[in-house]
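What follows is a single structure, written as structure tokens, with notes after it.
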Amino acid sequence: MLADSRLGLLGPGRALLSDISVPFYWVSSLPGRMAGWLGETFASREDLAAENRALRAEALVLRARAQRLAALSAENLRLRELLNSTALLEENVLVSEIIGISPDPGLQVAVIDKGRSSGVLPGQAVIDASGLFGQVIESGIVSSRVLLVSDSTHAVPAQVLRNGVRVVVEGNGRIDSLDVDYVAPTMDVRPGDLLVSSGLGQRFPGGYPVGVVESVTNDPGEPFSVVVARPSAQLDRSRHVLVLTDPAPGPDPRVLAPAGAAADPVAAPASEPAP
Amino acid sequence: MRPRSGVSPFTLWGSVVLALLLVVMPLPAWVAPARPDWLSLLVFYWVLRDSGSAGFGLAWIAGLAADALCGGLLGPRALALSVVAYVVVVLRARILHHSLPQQMLTVFALSALAQLLLRWAQGFTGHAQMGAGLFMGSLTAAFCWPLIGMWVGARGRMENWHGSA
């Protein structure tokens, strides 16, 4: 235990462990898969047709948006050229499937089915269809472990989309809520505000939704407001996630994090005390 | 390791693998916190049944394997289960003469002890402590014990246990 947490002696072995554990997760998820397969096979024709219609409608809407996006990104590029600033890097994404969730309720870690062989490395950000999901903390050869944004050792530098106020969003161990820390009572943060990753801290790319502010409570006796947000990503429902494999990840979390937090990369400023 | 009272190593380690599968089996989010503490049950059962072939080694290896599966720090479960195994080895003769409710209470106490040790060790790495949900798994484990105990009783093994105590 000591060798693992303080000295990092088991580094290479741990990646191997995540590969070894894959068959366990696979076998244990068989009943659920069987149920899903049966449901798909014996779904009624009406259900399938309805689903098909809904998907077609969604595809149409998305295609329309994509048209606008193409025009907008071209315009954006031209404006950036005018301003002489560097173009935003195109990000490579890798679709990957979640094959297991850590059963430990105090630890929010998912296992995905892509590893070093596909270019997944520790420190890379993981998103799902609706927001920031987490980051890779260990990568084996064919599998990786992802620390969810809601884990109590995870923090994301973010900003309020409406006005650009910078905040730090921390997980609190519950899968359906996030804490927004160090919000002074005078700061302009309201329920309903969308929090997007700010890209500060060099770990997460900027602009991905992290959460939506749910409540802001001011206690006159406390120096900071208590702000609670709901994660944008569907942490408990997603099946497929995207790993952002490019640009290259920042420095190894083990180097950044203070001693003793080897397995818990924290993207927040190092001066923050753990809650 | 030679089994003394007819427990084949295959059964023993097969049950360990089964318990590990149950530990990582995906459950709906609202049931997951009440997942029975299968590993403590496993250790409790085997040490009670045959402390000659199952003991610290089994507890430690099963715990370490579970740690590897769950991610995070390596070792807290190995430590917790070894402590459970120790208590069962020491109190074995007494527990065998307990009635079923008393045994359930013992299972709950030991599993709760294991959970406390586990959370304490995880606290080293800065994970938040859980509230009242901490002992849900121990509670369900205690209620699972009669199933295992009855199954064993139906096959007439209880007497053998007393004989080998």
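What you see below is based on every heavy atom in this structure, not just the backbone, and it leaves out hydrogens, waters and symmetry mates. Chain A is the first sequence line, chain B the second, and so forth, proteins listed ahead of strands; every chain is numbered from 1. Computed from a predicted structure; not experimentally measured.
- Closest approach of B:Cys70 to A:Ser102, counting heavy atoms only: O-OG, 2.9 Å.
- In this structure, B:Leu20 CG and A:Tyr25 OH are separated by 10.5 Å, a value rounded to the nearest 0.5 Å.
- Counting heavy atoms of neighbouring residues, nucleotides and ligands inside a 6.0 Å radius, atom OH of B:Tyr86 does not exceed 12 of them.
- For B:Arg35, the CZ atom counts as densely surrounded, since its 6.0 Å shell holds more than 12 non-hydrogen atoms of other residues, nucleotides or ligands.
- The number of heavy atoms from other shown groups lying within 6.0 Å of CD (B:Gln102) is above 12.
- When every heavy atom of A:Phe24 is checked against every heavy atom of B:Leu21, the shortest pair comes out as O-CD2, 3.5 Å.
- Applying the 6.0 Å contact sphere to CZ of A:Arg237 captures no more than 12 heavy atoms from other residues, nucleotides or ligands.
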